[in-house]
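The block underneath contains the structure these notes are about, expressed in structure tokens.
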Amino acid sequence: MSLKIDQDHSRFRAIVRGKIRQNLRKYISQGELVGRKGKDLVSIPVPQIDIPRFRFGDKQQGGAGQGDGKPGDPVGGEQQEGEGGKQAGQGAGEHALEVDVTLDELAAILGEELELPDIQDKGKSKIINAKDRYTGVRRVGPESLRHFRRTFREALKRQISMGSYVPEKPVVVPIPDDKRYRSWKTESEPVANAVILYMMDVSGSMGDEQKEIVRIESFWIDTWLSRQYKGLESRYIIHDAVAREVDRETFFHTRESGGTMISSAYKLCSQIMDEHYPSEEWNIYPFHFSDGDNWSMDDTLSCVDILKQKMLPRVNMFAYGQVESPYGSGQFIKDLREHFGKDERVVTSDIRDKDAIVNSIKEFLGKGA
């Protein structure tokens, strides 16, 4: 019975997984999952899964399945009118089922659907994590680690050898010498840690729609990178003419009215990397989102210099996403492509609207980052 239940559960999960893949692009573009995220799970509305139901008629009533019923007869007798004299509807109702999916499973579905390659750690894993592994059995140890099967086996062997075991009354009573305990040893292994440094322009030209696009895309970037690294941190920088570090909530809900100096964000990002994330120990991913406006060409050249001298030598990838805005010039992405068009560490993406988020994620993560 237990095996049957496990098989049915596996089949159900496979059906759910297929439905999620089928609707994934809609979930991404509409941001439907971002607000449903818990600590380790995401609640997903999966449509069009028919849930079987039983209807029982009266015991003495004829119809399909009993008595003289004919093929096509409705179960339970003739069709009845609904309340208020209105005819019952003919169409099937839509079944929406809420299913909890782990973030790791959601990342796997994202990777399959967008054909994202697994990230290859670039050797930046000098942080050591100690783990206890059970490697054998010994005669002494705490009762919490007693190996019951081995203890029973030793007691059975002893009773058989002494002739005290009676098959008709198979009672096996361990004594202290029979007890066996799990043994362990502590092993050290490198842990690949990563940090995402999100930067966003919050000047007056970046409206709520543009920020929502950034919020959705950052959710999926976090989801994918969390599957690739055991330790993932996220830091948030907002900027107009001045940059400052904030928490996630402030990052997505702040709007300023000043001008834009992108170099202020890049300087703060580089400073945070210097103080907290040495490149020999961390995989570093700066993501910058803007509408492409900058204060001047001089500031753009300052950004190029910071990238070349301070950021690119230490990061796995630098990603720039330009969110289309009716108020932005869109020039900055052109300048980046002019200076870094052949540098594989710099990835740029035009994000016209929410429908473009899927392709943007693939552009950012499709090379294995």
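Heads up: numbering here begins at 1 and tracks the sequence. Just so it is clear, the values below take in all heavy atoms, side chains as well, and ignore hydrogens, waters and symmetry mates.
- Listed by first then second residue, pairs satisfying salt bridge (Lys or Arg N to Asp or Glu O under 4.0 Å) with a partner in residues 328-342 read R337-D350, not counting sequence neighbours.
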Listed pairs under 3.5 Å, donor-acceptor, residues 161-172 side chains, sequence neighbours left out:
from, atom 1, to, atom 2, distance (Å)
S161, OG, K157, O, 3.2
S161, OG, R158, O, 2.7
S164, OG, Q159, O, 3.4

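- The salt bridge (Lys or Arg N to Asp or Glu O under 4.0 Å) test applied to D274 returns R314, not counting sequence neighbours.
- In this structure, R345 contributes its side chain and L312 its backbone to a donor-acceptor pair below 3.5 Å.
- Using a 4.5 Å heavy-atom threshold, the side chains of V323 and D201 count as separate.
- For the pair R138 and R182, the tightest heavy-atom approach, listed with the atom from each and the gap, is NE-O, 4.3 Å.
- Residues D353 and E324 form no side-chain contact, since every pair of their non-hydrogen atoms from C-beta on lies 4.5 Å or further apart.
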Next item on the list: Would you please test Y266 and D299 for side-chain hydrogen bond (donor to acceptor under 3.5 Å, both in side chains) and show each step?
Entry: CA-CA 11 Å; Y266 290 9; D299 194 69; over 6 Å; no
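- A search for side-chain contact (heavy atoms from CB on, under 4.5 Å) contacts involving P176 returns nothing, not counting sequence neighbours.
- Between M200 and Q210, the closest side-chain pair of non-hydrogen atoms is not below 4.5 Å.
- Between F287 and M317, some side-chain heavy-atom pair lies under the 4.5 Å cut-off.
- No more than 12 heavy atoms of other residues, nucleotides or ligands shown are found within 6.0 angstrom of CG on D208.
- Sorted by first and then second residue, the pairs that involve residues 331-360 and meet ring-ring contact (aromatic ring centres under 6.0 Å, His included), not counting sequence neighbours, are Y320-F332.
- Residue K179 places its NZ atom among more than 12 non-hydrogen atoms of other residues, nucleotides or ligands, all under 6.0 Å distant.
- Remark: T260 pairs with S203 by the side chain to side chain donor-acceptor pair (under 3.5 Å) rule, at least two apart or across chains.
- Contact check for R153 versus H147: no side-chain heavy atoms found under the 4.5 Å cut-off.
- Taking the side chain as every heavy atom from C-beta outward, M311 and C269 approach each other to under 4.5 Å.
- Note: Y236 and F251 have tilted aromatic rings, judged against thresholds of 30 and 60 degrees for the angle between ring planes.
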